[in-house]
**Q** 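One structure coming up, written as structure tokens, with questions to follow.
Every value quoted in this text rests on a predicted model; they were computed, and no experiment measured them. Sequence positions, counted from 1, serve as the residue numbers for this chain.
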Amino acid sequence: MARIAGVNIPTGKRVPIALTYIHGIGPKSAAEICNAVGIDLTRRVNELSDAEVLAVREHIDANFTVEGDLRREVQMNIKSMMDIGSYRGLRHRRNLPVRGQRTHTNARTRKGPAKAIAGKKK
């Protein structure tokens with residue numbers, strides 16, 4: 001099992017698919033990494049040599065923000081929005097949808113289970 005950026009990537013999958021298991025690398029970035037390192041997109045992770053895995057690891061370290069650093073950066077951005085009191089920061093603080101979704105109905109994922117209102121009868 002290959003370990004890249006602190007993540008054990010699955011060995012039976014094709015390299016671009018396996019690289020998407022790393023937080024911060026999507027399908028497009030994974031294909032770019034494979035092209036930059038010179039790995040065929042149809043090869044599987046268990047077919048890679050140690051040198052190729054090392055090359056992929058070094059390319060990711062040099063050119064991408066992934067895993068813990070990326071999560072930390074996103075959390076710092078959210079915290080700064082909350083501190084300056086922007087609209088998005090207020091939505092984060094109140095645990096409501098941030099990107100303009102309706103909340104009159106739905107939004108249960110963000111708001112949690114519905115709370116019963118006392119004395120409401122129809």
Side-chain angles (χ1 to χ4, degrees):
M1 186 166 275
R3 190 165 175 84
I4 299 175
V7 177
N8 292 330
I9 60 173
T11 54
K13 296 188 182 288
R14 292 189 301 113
V15 177
I17 303 301
L19 287 177
T20 62
Y21 280 64
I22 301 169
H23 181 74
I25 295 180
K28 188 172 186 294
S29 303
E32 288 174 2
I33 291 166
C34 291
N35 290 334
V37 177
I39 294 173
D40 186 34
L41 298 177
T42 59
R43 288 183 64 194
R44 309 255 169 196
V45 175
N46 54 10
E47 299 170 359
L48 295 179
S49 67
D50 290 340
E52 289 171 323
V53 172
L54 184 65
V56 169
R57 189 179 298 135
E58 288 174 349
H59 184 78
I60 289 173
D61 288 342
N63 300 310
F64 291 91
T65 306
V66 292
E67 283 302 322
D69 294 337
L70 180 61
R71 292 178 207 273
R72 195 173 309 110
E73 186 177 320
V74 169
Q75 282 305 118
M76 291 295 291
N77 292 342
I78 291 171
K79 187 178 181 317
S80 69
M81 282 189 279
M82 289 165 64
D83 290 343
I84 63 175
S86 69
Y87 180 77
R88 283 176 64 191
L90 295 176
R91 302 300 282 184
H92 275 289
R93 195 178 305 151
R94 293 181 186 154
N95 204 23
L96 291 168
V98 177
R99 298 185 178 181
Q101 298 91 332
R102 67 179 295 138
T103 57
H104 178 71
T105 60
N106 302 335
R108 293 273 54 113
T109 302
R110 194 80 175 150
K111 290 166 73 174
K115 300 162 198 76
I117 300 171
K120 183 177 179 185
K121 254 191 219 172
K122 246 192 165 177

**Q** Looking at Glu67 and His23, would you say the former's side chain and the latter's main chain have a donor-acceptor pair under 3.5 Å?
**A**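 Confirmed, Glu67 side chain pairs with His23 backbone.
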**Q** Taking the side chain from Glu58 and the backbone from Ala55, do they hold a donor-acceptor pair closer than 3.5 Å?
**A**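 Checked: no pair found.
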**Q** Ignoring hydrogens and angles, tell me if any N or O in the side chain of Lys79 forms a donor-acceptor pair with the backbone of Val74 under 3.5 Å.
**A**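 The answer is no, because no donor-acceptor pair under 3.5 Å joins these two groups.
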**Q** About how many Å separate CD of Gln75 and NE2 of His92, when rounded to the nearest 0.5 Å?
**A**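 The distance works out to 8.5 Å.
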**Q** Between Arg72 and Asp69, is the closest basic N to carboxylate O distance under 4.0 Å?
**A**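 Counted as a salt bridge, because a side-chain N and a carboxylate O are separated by less than 4.0 Å.
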**Q** Over all heavy atoms of both residues, which pair between Leu19 and Ala30 is shortest? Give the atoms and the distance, please.
**A**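 Nearest pair, atom of Leu19 first, then Ala30: CB-CB, 3.9 Å.
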**Q** Counting N and O atoms only, with roles assigned by atom type, does the side chain of Asn35 sit under 3.5 Å from a partner on the main chain of Ala31, one being a donor and the other an acceptor?
**A**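 Yes, because the side chain of Asn35 sits within donor-acceptor range (under 3.5 Å) of the backbone of Ala31.
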**Q** Taking atom CG of Asp83 as the centre, report whether more than 12 heavy atoms of other residues, nucleotides or ligands fall under 6.0 Å from it.
**A**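 Yes.
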**Q** For Ala107 and Arg102, work out which heavy atoms get closest and say how close.
**A**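 Nearest heavy atoms, Ala107 then Arg102: CB-O, 3.8 Å.
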**Q** Is the side chain of Arg3 donor-acceptor paired with the backbone N or O of Ile9 at a distance under 3.5 Å, no angle test?
**A**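 No, because the side chain of Arg3 does not come within donor-acceptor range (under 3.5 Å) of the backbone of Ile9.
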**Q** Please give me the minimum heavy-atom distance between Ile17 and Thr20, naming the atom from each residue.
**A**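 Taking Ile17 first and Thr20 second, the nearest heavy atoms are O-OG1, 2.5 Å.
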**Q** So which heavy atom on Lys111 is nearest to which on Thr103, and how close?
**A**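 That closest heavy-atom pairing would be NZ-O, 3.2 Å.
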**Q** Closest approach of Ala18 and Val45, non-hydrogen atoms and distance?
**A**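 So the two residues come closest at CB-CG2, 3.4 Å.
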**Q** Within the supplied structure, the quantity of interest is the number of heavy atoms (other residues, nucleotides, ligands) at a distance under 6.0 Å from Arg43 CZ; does it exceed 12?
**A**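 Enclosed: over 12 neighbouring heavy atoms sit under 6.0 Å from CZ of Arg43.
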**Q** Do other residues, nucleotides or ligands put more than 12 heavy atoms under 6.0 Å from the CZ atom of Arg93?
**A**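 Enclosed: over 12 neighbouring heavy atoms sit under 6.0 Å from CZ of Arg93.
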**Q** Hey, is the main chain of Leu96 close enough, under 3.5 Å, to the side chain of Arg110 for a donor-acceptor pair?
**A**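 A pair under 3.5 Å: yes.
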**Q** Going hydrophobic residue to hydrophobic residue with side-chain gaps under 4.5 angstrom, can you get from Tyr21 over to Phe64?
**A**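 In one cluster with Tyr21: Phe64, no.
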